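Below, each value reflects all heavy atoms present in this structure, side chains not excepted, and no hydrogens, waters or symmetry copies. For clarity, every value in this text was computed on a predicted model and none was experimentally measured.
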Amino acid sequence: MGSRARFGRGLTTVLVASALVLAGCASSDSGGEAGDTRTPPAVGLVGDQAPDPTGSTPQLTFSVQALAAVLDPARTTARGGSGGDELAAVYDVLLRYDETTGDFVPRLAQSLTSDQAGNVWTLKLRPGVTFSDGTPLDANAVVASINRYNTNKGNGAAVWVDAVESTTAVDPQTVEFRLSKKWPTFPSMLALGHGMIVAPGAGEGEAFKPIGAGPFVLDRYAPNEERVLTARADYWNGKPKSDKLRFIALSGSRENLESMRTNGIDIGFLRGNPQAIYDTIDAGYPGSFSILNSGGAELVNNREGRPGADVRVRRAIALAIDPELVGQRGDNGLGLPGKAMFNDLSRWATDVDGVPFDPDAARKLLDEAKADGYDGKLDYIVLQEPSEAAIGLAVQSLLQAVGFTVNIINANNAGDIVKQVYVQRDYDMAHAGIGLYEAIPYLGLDTTLSATSTANFAGYSNPQMEVLLDKLQAADGDDQIRGVLAEIQTLWNETVPSVPVSSVMIYVAWQKNVGGVVPTATGIMLLDKAGRN
């Protein structure tokens, strides 16, 4: 196999829980008229892109969804808009995801190849690359960083440890990975946290310093205010086009658009607000469009002692929910409603639909569960933000129409949902998100479905699903992957781990005179060539 390869599977930890909650949270600034319809753009770059800048830009300001609390890849999950952009700016990545081809291509790496059996992968590093402290990025540093990442249980560490038998420095520029099982899509792991190499001199704990081989170094961090990074003149790919990057987090997609209009920001992250995204595209701001599959979902606690422990109750919940109605209430019908794991816009969409809307069938199943002693009551956690609250009321009315008694429990912020749902697991049902990224759908699937996942928020367990997850890991090529996903969707419909209701639109927009922004996996933007013309 050559130096380009496709997709991998990982394990999400509780550290990503807040991002999953945000995946289900539409912005309160939706606007628009009910009944409007729009056709979303194709996934990828949108609009007339400015050329890569030739001169230098003093500073670019990027408004993200949330600033990373810590610039440590083992503690902050690499996702666009919630820390991944900052991490990539400091550490770079061994491989980059090309959303046009679906391949993972070399970045800090010079090449990645496998033997014919796919059991041994060989990584060649670019010669002469150094960390910002001047030490070399060599094979020993890569091995040490990956071992550190796994020891600290970074995102995907459990799956890596399960499948990678050894990681060895063969010579200063060569790292060998020996796998214990078939995993054709292993390269995807090197495009996110595992591929963000931390320098040996970074330290640990309170003494940790974000030292990487990326194009920028930390200048200033003010929590909840800004993070400023300064360009490295000795970056391997040339001095960045912008002298400084300033990351801030405005309150919503609409505010990002208004700040773009007043030149307050150069790049803005818009998520979960279709009207604001369409307005941004209509205003001529170029950018990168993507979707987060199953980004809006009704999470159901499958654990013993909860109503959802009975599969009849879970199926009744799924059959009672009309995603079209939920979408009308939450985003004026401009979103991407649906109960399949992957939206029709996704490259991973299958010909197996999600659970249908069938209130009569839902009522019948619920009556059966009641006949066996279930009282029909559900406690339902909903974020008290206007559009989220509207979704919660729509779901409540649909469930009560078939015989449930639904008590809405108000969550004041995403942190409350993280604590109660993802940490304490003290809930019957909650409106949040699952989150299946186009580049790495296995991360979300493993989190949701694997009985051994430490972040299995639903407590779902099914031996047949474990077999299918192993089969998905071993799948080679898009057709095989989609075939296994169809099998997973079929079993999902039968066992209902939780209930997707929509996919979420994401649009990273930039000013018309900004060029050189390069997307990679999970909506992360690489910014070493970004600047104003």
Do [X] and [Y] have side chains that get closer than 4.5 Å, going by heavy atoms?
X	Y	result
L345	P40	yes
F104	L190	no
W183	V159	yes
M429	V395	yes
W492	P497	yes
I524	L192	yes

Flag the pair [X] and [Y] as a salt bridge only when some basic side-chain nitrogen lies within less than 4.0 angstrom of an acidic carboxylate oxygen.
X	Y	value
D367	K364	no
R254	D279	yes
R227	D85	no
D322	K339	no

Between [X] and [Y], what is the shortest heavy-atom contact and its length?
X	Y	result
A320	F357	O-CE1, 3.4 Å
Y285	Q511	CE2-OE1, 3.4 Å
L527	F62	CD1-CD1, 3.9 Å
I488	L468	CG1-CB, 3.8 Å

Parallel under 30°, tilted from 30 to 60°, perpendicular over 60°: which one fits the rings of W160 and H194?
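Judged by the thresholds at 30° and 60°, the geometry between W160 and H194 is parallel.
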Side-chain H-bond candidate by donor/acceptor type, [X] with [Y], under 3.5 Å:
X	Y	answer
E438	Y97	no
N412	Q384	no
N301	D428	no
Y507	S253	no

Working to the nearest 0.5 Å, report the span between CG of D344 and CG of N293.
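Here the interatomic distance stands at 10.0 Å.
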Measure the spacing between NE2 of H431 and CD of E388 and express it to the nearest 0.5 Å.
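CD of E388 is found 4.0 Å from NE2 of H431.
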For the side chain of R315 and the backbone of N493, is there at least one donor-acceptor N/O pair under 3.5 Å apart?
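Yes; judged by distance alone, with no hydrogens or angles, the pair exists.
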